[in-house]
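Everything numeric here is computed off the predicted structure, so don't read it as measured data.
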Amino acid sequence: MFWTSWAALLVVLLQCAACDKKAAPQAEGAKGANSAPTSAKEVTLAPVTELVVEQTIDISGTLDADEQVTVGAKVPGRLASIAVDLASPVQKDQVVAQLETRDYELRIEQAAAALAQSRAQLGLPQDGPDEELDVESVAIVREALATFKEAQANQVRARSLAKEGLMSGMDLDAAEAAAVRAETAVQSAREEVRIRQAAVRQRRSELRMARQQLADALVRSPIDGVVQVRRASVGQFLAAGAPIADIVRIDPLRLRVAIPETEAAGVRAGQQVRVTVPGDSAVYAGTVARLAPAIDPQSRTLLVESDIKNPGHLRPGSLVTAQIVVTSKPAPSVPATAVVRFAGLAKVITVEDGKAKEKQVVTGKTAGDRVEIVSGVAVGESVVARPGSLQQGQPVRVVEGS
């Protein structure tokens, strides 16, 4: 009996020990779960704001001189002096070169003498206007008029005598013919005066031409610019039209670019143009000034020109990169740090109900520290400014940015 009771007690003690061992891990696990809750990550939000996005055409082009002229001698002669050389700045109407003038001075004297002779034939002084001449007062006309009056008087007397039978018919005919010749002589005298008047005008024109040739012996620049090439030397005989110097106007410069036909439809006069030169960090501004009226059938391009202000160091002939701003429009944008890229995809992270939520986006152009969002989020939303390794569904706590 004693041994039976002892055996039953031992079984009960062993069962209690087993229960305690089984309950201990469960209690320890429950205690660990209650004492180590998952912590939320602190994040800063950035608003999705509007960004003015430009649609541009990037293309290479050439800077050309605004104007380029070859200055030459208008009249032939020996070059007496030249006042410019390579890179010399010149102003409009500035004397570039001078021809010897002695030949042209003699031509003026000759033309002046011929004019004085023609005026003397009309009874005019050496100087004075030509238009106030009274044709009837010229000597040859007065002489012809006097002869005509005498012939008319003789005609009247001859007719009277012929009626009385005191003059033969032959003498009457002679008197009649003399009167006709005298009348014709008056008309011829008047025409001679008009011819002499025309000669005076011709001589005066020759005098003006001789003076103009003397003036043309001074070769002047037709534009403001800089000498590109000097083509003649002192003492050289130059034919009419012979080149003396090439002058270019370099402010403004003329940008010429050929826009492909596929992009030319959006180009308009007045659009903004930005130019960059290799090795120069500055950006030079201009506007579309001129467009060709037709597409080039060979290259399928449209020639576009823009005037670029030259600060002084840009040179014609330089190859540059041009950017034509075709359109500009507002679009959603986020900080560049808010965009996470992986495997060719872009995403941003927003916060919903205290947890991170990924949103796939399509990005556009970058302007400074902001990125255009084509689709995925809209203006007014907020995204995590610096998501780092933040994952979908991870608890977060929003804090104010510093």
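Few gaps surround CD on Gln212; more than 12 heavy atoms of other groups in view lie less than 6.0 Å from it. Sparse packing is recorded around CD of Gln110, with 12 or fewer heavy atoms of other residues, nucleotides or ligands lying under 6.0 Å away. For CZ of Arg386, the number of neighbouring non-hydrogen atoms (other residues, nucleotides, ligands) closer than 6.0 Å is 12 at most. Within 6.0 Å of NZ in Lys355 there are 12 or fewer heavy atoms belonging to other residues, nucleotides or ligands. Enclosure of atom CZ in Arg315 is not indicated, since only 12 or fewer non-hydrogen atoms of other residues, nucleotides or ligands lie within 6.0 angstrom.
To the nearest 0.5 Å, atom NZ of residue Lys92 and atom CD1 of residue Ile223 are 10.0 Å apart. Put simply, CZ on Arg157 and CE on Met167 are 9.0 Å apart, with the number rounded to the nearest 0.5 Å. Taking CD of Glu183 as the start and OG of Ser188 as the end, the distance is 11.0 Å to the nearest 0.5 Å. Taking CG of Leu238 as the reference point, atom CD1 of Ile244 lies at 5.5 Å (rounded to 0.5 Å). Note that the CD1 atom of Ile140 and the CD atom of Glu143 stand 8.5 Å from one another [nearest 0.5 Å]. Going from atom CD1 of Ile108 over to atom CD of Glu206 covers 13.0 Å, rounded to the nearest 0.5 Å.
In this model, no donor atom of one side chain and acceptor atom of the other lie less than 3.5 Å apart for Ser88 and Asp85. Judged by distance alone, the side chains of Thr70 and Asp246 do bring a donor and an acceptor atom under 3.5 Å apart. If you check the side chains of Ser333 and Glu372, you find no donor sitting under 3.5 Å from an acceptor.
With sequence neighbours excluded, the residues forming a salt bridge (Lys or Arg N to Asp or Glu O under 4.0 Å) with Glu358 are Lys347, listed by chain and number. Applying the side-chain hydrogen bond (donor to acceptor under 3.5 Å, both in side chains) rule to Gln236 yields no partners; only residues at least two apart in sequence or on another chain are considered. Legend: residues meeting salt bridge (Lys or Arg N to Asp or Glu O under 4.0 Å) with Lys357, ordered by chain and number and at least two apart, are Glu352. For Thr147, there are no side-chain hydrogen bond (donor to acceptor under 3.5 Å, both in side chains) partners two or more places apart in sequence or in a different chain. Applying the salt bridge (Lys or Arg N to Asp or Glu O under 4.0 Å) rule to Arg268 yields no partners; only residues at least two apart in sequence or on another chain are considered. Every residue meeting the salt bridge (Lys or Arg N to Asp or Glu O under 4.0 Å) condition with Asp216, not counting sequence neighbours, appears here in chain and number order: Lys74.
Pairing each heavy atom of Ala179 with each of Ala151, the nearest pair is CA-CB, 3.5 Å. Of all heavy-atom pairs between Gly266 and Val326, the closest is O-CG1, 3.3 Å. The shortest non-hydrogen separation linking Thr350 to Ser382 is CG2-O, 3.4 Å. Among all heavy-atom pairs drawn from Ala162 and Leu172, the shortest one is CB-CD2, 3.9 Å. Contact between Ser221 and Val90 at its shortest, heavy atoms only, is OG-CG2, 3.8 Å. Closest non-hydrogen pair, Leu390 versus Ile349, comes out as O-CD1, 3.5 Å.
Side chain of Arg78 to backbone of Gly235: a donor-acceptor contact under 3.5 angstrom is found. In this structure, Ser205 contributes its side chain and Arg201 its backbone to no donor-acceptor pair below 3.5 Å.
Electrostatic pairing of Arg194 and Glu191 does not count as a salt bridge here, judged by no charged N lying under 4.0 Å from a carboxylate O. Taking the charged nitrogens against the carboxylate oxygens, Lys329 and Glu54 have no contact shorter than 4.0 Å, which rules out a salt bridge. A salt bridge links Arg254 with Asp66; the closest basic N to acidic carboxylate O contact falls under 4.0 Å.
Residues Pro125 and Arg119 have side chains in contact (heavy-atom distance under 4.5 Å, counting atoms from C-beta outward). Within the 4.5 Å cutoff, side-chain heavy atoms of Leu145 are placed close to those of Arg190. Counting only heavy atoms from C-beta outward, the side chains of Val325 and Arg274 approach each other to under 4.5 Å.
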**Message:** Set out, in order, the CA-CA distance, both residues' side-chain angles and the distance that settles salt bridge (charged side-chain N to carboxylate O under 4.0 Å, His left out) for Glu176 and Arg159, then state yes or no.
**Reply:** CA-CA 9 Å; Glu176 293 282 357; Arg159 287 175 180 177; 2.5 Å; yes

**Request:** Take Thr49 and Arg370 through the test side chain to side chain donor-acceptor pair (under 3.5 Å) and record every step on the way to the result.
**Result:** CA-CA 10 Å; Thr49 59; Arg370 299 193 70 82; 3.0 Å; yes

